[in-house]
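Below: the structure, in structure tokens.
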Amino acid sequence: MAQNLQKKTDPAAREQRLDVYQPLSGMVVPRFAGISTFMRLPYLAPTQAPGEIDIALVGIPFDGATTNRPGTRLGPRQVREASSLMRLVNYGTLVAPYDLCACADVGDVPVNPIDVQDTLRRIEAEIAYLHQGGVMPLSIGGDHIISYPILRALGGEKPLGLIHVDAHSDTGDTYFGGQKLTHGTPFRRAIEDGVLDPKRMVQIGIRGTMYSADEREWALSQGIRIIDMEEVVEKGIPYAISEARRVVGNGPTYFTFDIDSIDPAFAPGTGTPEIGGFTSREALQLVRGFRHLNLIGADMVEVSPPLDQSGGTALVGASIAFELLCLLAEARAERTSGESRLNVV
Ligand SMILES: [Mn+2]
């Protein structure tokens with residue numbers, strides 16, 4: 001790995017790597033053809049990633065912590081397929097992520113579909129390996145439990161800030177008589193483990209019914225800033241963006257996007273849909289508001305293909321994943337070049 005890391009600092013080698021890690025051109029091989037990878041990027045074994053690429057797109061096909069309707073284990077495959085519709089340049093921000101960072105699809109984490117704890121260990125090990133090798137992860141779930149081992153892998157040195165876009169707080173304690181590892185509990189576990197700083201955590205779009213008002217009370221008592229959907233509607237998306245930027249500040253920050261934050265009219269293929277959500281257009285506006293933050297990774301979770309066989313939800317998911325990739329690539333490039341335009345609040 002040491003030799004690889006040395007290669008990384010050589011500017012000529014870096015230019016070469018940007019040439020290699022481009023999506024398969026839709027002008028050469030039509031976009032309906034070829035083998036499905038995220039964004040039509042080259043596939044690279046995760047063991048080869050350190051020193052070679054800057055951002056790894058990681059599939060995490062696990063739904064074993066789902067408390068209601070499953071199916072997200074099939075998410076990465078369908079999102080790969082839908083992501084063949086993504087092109088190279090972000091129309092809204094003009095960010096061209098593949099000109100900034102070497103990116104590759106590193107395949108799926110080899111999960112254990114019948115063992116939650118074993119799966120979480122495997123996810124944490126792979127993400128930690130990438131992180132220690134200087135590679136930023138953009139993970140595609142999978143149910144929301146996957147954020148927990150990722151936060152453990154990334155937050156070991158210093159508790160992280162978090163931008164959390166979701167219909168649900170996911171800060172519950174236990175389900176079904178003491179089960180602590182579910183897709184409704186990842187952020188409570190991460191806070192308990194000290195890898196997530198609740199005072200630098202913001203949740204956006206929370207709504208729907210709750211099992212009990214205590215869920216919200218616990219989150220608020222930890223210092224989490226909840227910009228629930230009622231507040232977004234009242235004050236607007238630009239307000240939500242500036243308030244969230246204030247909360248996370250300039251410290252290392254992770255971004256997690258649950259597809260159920262979007263209204264089921266646009267994204268019905270998810271296990272726990274809630275009406276009154278963001279339109280897909282509003283979601284683009286929201287995510288694009290988080291440029292120039294100190295982002296160290298991101299995920300897009302909870303696309304469940306069996307619940308939307310039209311594939312439309314996976315297209316929304318792939319599009320959000322591209323937006324997240326643009327944020328990560330720009331943040332990474334700014335850190336590397338030392339020309340940081342970090343978060344002015
Ligand atoms: Mn969630």
Side-chain angles (χ1 to χ4, degrees), residues 63 66-72 75 79 92 141 143-145 147 162-172 175 182-188 201-220 224-245 247 255-290 298-321 323-324:
D63 58 12
T66 304
T67 56
N68 195 355
R69 305 185 305 163
T72 63
V79 172
D143 76 45
H144 219 156
I145 193 70
S147 299
L162 182 70
I163 299 170
H164 174 203
V165 182
D166 202 322
H168 314 99
S169 173
D170 294 351
T171 49
Y175 282 64
T182 81
H183 72 157
T185 60
F187 304 109
R188 189 146 170 167
M201 173 170 176
V202 59
Q203 303 185 314
I204 308 172
I206 312 301
R207 62 187 186 277
T209 51
M210 292 182 281
Y211 287 108
S212 134
D214 292 349
E215 292 169 44
R216 181 180 159 83
E217 291 312 311
W218 186 86
L220 292 172
I224 296 171
R225 174 70 169 98
I226 302 177
I227 308 174
D228 57 33
M229 191 55 93
E230 296 298 309
E231 189 173 0
V232 175
V233 169
E234 184 189 336
K235 297 178 180 166
I237 288 175
Y239 169 83
I241 291 167
S242 64
E243 175 66 356
R245 295 181 72 102
V247 171
F255 196 141
T256 183
F257 191 103
D258 188 321
I259 203 73
D260 70 27
S261 63
I262 295 179
D263 195 90
F266 301 88
T270 194
T272 323
E274 305 288 350
I275 68 162
F278 292 111
T279 66
S280 50
R281 179 68 196 82
E282 288 166 343
L284 294 179
Q285 180 187 4
L286 180 66
V287 176
R288 286 173 187 169
F290 296 112
D299 63 49
M300 190 287 298
V301 299
E302 295 283 357
V303 171
S304 177
L307 298 172
D308 176 11
Q309 298 195 354
S310 79
T313 305
L315 173 60
V316 177
S319 304
I320 294 295
E323 296 292 331
L324 294 171

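- For the pair Asp263 (side chain) and Ile275 (backbone), a donor-acceptor distance under 3.5 Å is absent.
- Note: Asp63 CG to Asp143 CG = 6.5 Å, rounded to the nearest 0.5 Å.
- Looking at heavy atoms from C-beta onward, Gln285 lies out of side-chain contact with Phe278 at the 4.5 angstrom threshold.
- Here the closest non-hydrogen pair linking Leu315 and Ser319 is O-OG, 2.8 Å.
- Nearest heavy atoms, Ile227 versus Ala240: CD1-O, 3.7 Å.
- In summary, the side chains of Thr72 and His144 do not present any donor paired with an acceptor at a separation below 3.5 Å, with no hydrogens or angles considered.
- Two residues are said to be in side-chain contact when any heavy atoms from C-beta on lie closer than 4.5 Å; Ile241 and Leu286 meet this criterion.
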Can you list the steps and then say if Thr182 with Ile145 is a side-chain contact (heavy atoms from CB on, under 4.5 Å)? CA-CA 6 Å; Thr182 81; Ile145 193 70; 5.7 Å; no
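- Nearest heavy atom pair, residue Phe290 against residue Ala244, reads CE2-CB, 3.6 Å.
- The minimum heavy-atom distance linking Pro264 with Glu274 is given by the pair CD-O, 3.1 Å.
- Without hydrogens or angle criteria, Asp170 side chain to Phe187 main chain gives no donor-acceptor distance under 3.5 Å.
- Once rounded to the nearest 0.5 Å, the distance linking CD1 of Ile204 with CZ of Arg225 reads 9.5 Å.
- Each of Ile320, Thr272, Val301, Val303 was compared with Asp258 under the side chain to side chain contact (heavy atoms under 4.5 Å, CB included) criterion, and only Val301 meets it.
- Proximity of Ile262 to Phe257: side-chain heavy atoms (C-beta onward) are separated by under 4.5 Å at one or more points.
- Of the residues His164, Arg188, Gln203, the one that meets the side chain to side chain donor-acceptor pair (under 3.5 Å) test with Ser169 is Gln203.
- Side-chain atoms of Asp260 and Asp166, non-hydrogen and from C-beta on, do get closer than 4.5 Å to each other.
- Counting all heavy atoms, side chain and backbone alike, Ser147 lies closest to Thr256 at OG-OG1, 3.4 Å.
- Distance check: Phe255 CZ to Glu323 CD gives 10.0 Å after rounding to the nearest 0.5 Å.
- For the atom pair OG1 (Thr313) and CD1 (Ile259), the distance works out to 7.0 Å, reported to the nearest 0.5 Å.
- Between Ser261 and Glu302, every side-chain heavy-atom pair lies at or beyond the 4.5 Å cut-off.
- A donor-acceptor contact shorter than 3.5 Å is absent between the side chain of Arg207 and the backbone of Asp228.
- Shown here for Ser304 and Pro70, the closest heavy-atom pair between the two residues is OG-O, 3.0 Å.
- In this structure the side chain of His168 never reaches within 4.5 angstrom of the side chain of His183, judged on heavy atoms.
- Considering only heavy atoms from C-beta on, Ser280 stays 4.5 Å or farther from Leu284 through its side chain.
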